[in-house]
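Notes follow the structure.
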Amino acid sequence: RRGGPVPTDLAGRHVVISAGGTREPLDPVRFLGNRSSGKQGYALAVTAAARGARVTLLSANAELPDPAGVDVVHVSTALELREAALKAAEDADAVVMAAAVADFRPAEYATGKIKKVEGVEPAPVALVRNPDVLAELSAHRPRSGQLVVGFAAETDDVLANGRAKLARKGCDLLVVNEVGNGKAFGQDVNEAVVLGSDGSETPVPVGPKEALADVVWDLVAKRWEPGRN
Ligand code: CTP
Ligand code: CA
């Protein structure tokens, strides 16, 4: 937003945002993780707070300072994120799942550091599925009119994959961006298309993550008050 006052169109609303990437421990010193920086989720939190919302940010291992005026809950694993998200969603008007949630976690956690043994090949790491937090939030809405927004990073057939994912998850909006070739992960800019469960398609040109965040809040605010726009 260039020039002019920041609108306080989210005043009186409580929004919950997950950010970063979960870590799934193998032992006390090792984990399976991903490259999500948390920047998009933090941009969503900062822009929502600037527009007057009460913001709860569920931060999974993002190495970023807590934004001012935002309630930050630090989590690490997908199971911890699920618990924090279900709790925070109880009185939320919107939940945005920008975090990269690990699809799998090690089936077993070694309470002591895994040691190598001379002449013995390492055992393969068995994995189990993590719960799908976004699908769960979408299916179970504790507050009427609550909106649920997902993010998806796709490498090919971006739009077709995005449409199928939106339907599968049952969320209201899905922000789809193309990744690979240095795009999105860890970058300060993002380019995306926001798909709506109503069939809408909102392209967002390449730009700062705050600009994409503002488009998400515009679309959310419009759905809270369908009379407008
Ligand atoms: N998500 C979630 N819980 C999971 C996995 C993903 O809540 N266990 C959320 C992410 O936060 C994101 C959305 O679902 O908002 C889409 O994540 P993505 O990894 O693209 O979807 P998946 O269903 O895991 O599909 P894929 O097999 O392509 O990874
Ligand atoms: Ca996934």
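FYI, side chains are in, hydrogens and waters are out, and symmetry mates aren't considered; it's all heavy atoms of this structure.
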Pairwise side-chain contact, Leu195 with Ser200, heavy-atom cut-off 4.5 Å (strictly under): no
Shortest non-hydrogen contact between Val55 and Ala48, atoms and distance: CG2-CB, 3.8 Å
Pair Glu24-Thr22, side-chain donor/acceptor within less than 3.5 Å: yes
Euclidean distance, Asn190 CG relative to Glu178 CD, rounded to 0.5 Å: 11.5 Å
Distance (rounded to the nearest 0.5 Å) between Leu212 CG and Trp217 CH2: 11.0 Å
Leu26 backbone acceptor or donor facing Arg105 side chain under 3.5 Å: no
salt_bridge(Arg223, Asp218) N-O dist < 4.0 Å: no
NZ/NE/NH1/NH2 to OD/OE distance under 4.0 Å, Arg54 and Asp91: yes
Heavy-atom pair of closest approach, residues Ala221 and Asp9: CB-OD2, 4.3 Å
Closest non-hydrogen atom pair between Ala85 and Val133, with its separation: CB-CG1, 4.0 Å
Val220 vs Leu173 side-chain heavy atoms within contact, under 4.5 Å: yes
Heavy-atom donor-acceptor pair, Gln40 side chain to Lys209 backbone, under 3.5 Å: yes
Within one Ile-Leu-Val-Met-Phe-Trp-Tyr cluster: Ile17 and Phe151, side-chain cutoff 4.5 Å: yes
Shortest non-hydrogen contact from Gly20 toward Ala62: CA-CB, 4.4 Å
Distance, nearest 0.5 Å, that separates CG of Leu137 from CZ of Arg82: 9.0 Å
Side-chain donor-acceptor pair present, Ser37, Tyr42, cut-off under 3.5 Å: no
Heavy-atom side-chain contact between Val15 and Val96 under 4.5 Å: no
Contact check, side chains of Ile114 and Arg30, non-hydrogen atoms, under 4.5 Å: yes
Step-by-step salt bridge (Lys or Arg N to Asp or Glu O under 4.0 Å) determination, Asp27 to Lys113: CA-CA 6 Å; Asp27 72 12; Lys113 186 185 166 194; over 6 Å; no
Gap between atom NE2 of His140 and atom CD of Gln146 - 0.5 Å precision: 8.5 Å
Side chain to side chain, Thr202 and Val215, heavy atoms closer than 4.5 Å: yes
Reported OG-to-CE distance for the pair Ser138 and Met97, which is rounded to 0.5 angstrom: 9.5 Å
Whether Arg51 side chain and Asp214 backbone form a donor-acceptor pair below 3.5 Å: yes
Any donor-acceptor N/O pair, Ser18 side chain to Ala99 backbone, under 3.5 Å: yes
Under 3.5 Å donor-acceptor, Glu80 side chain and Thr77 backbone: yes
Pair Arg143 + Asp93: basic N to acidic O under 4.0 Å: yes
Ser36 and Asn34 side chains, donor-acceptor separation under 3.5 Å: no
Test item: Asp132 side-chain N/O and Ala135 main-chain N/O as donor-acceptor pair under 3.5 Å: yes
Any donor-acceptor N/O pair, Asn130 side chain to Ala102 backbone, under 3.5 Å: yes
Backbone of Gly199 reached by a side-chain donor or acceptor of Arg163 within 3.5 Å: yes
Beyond-backbone contact of Ser76 with Asn61, side-chain heavy atoms, under 4.5 angstrom: yes
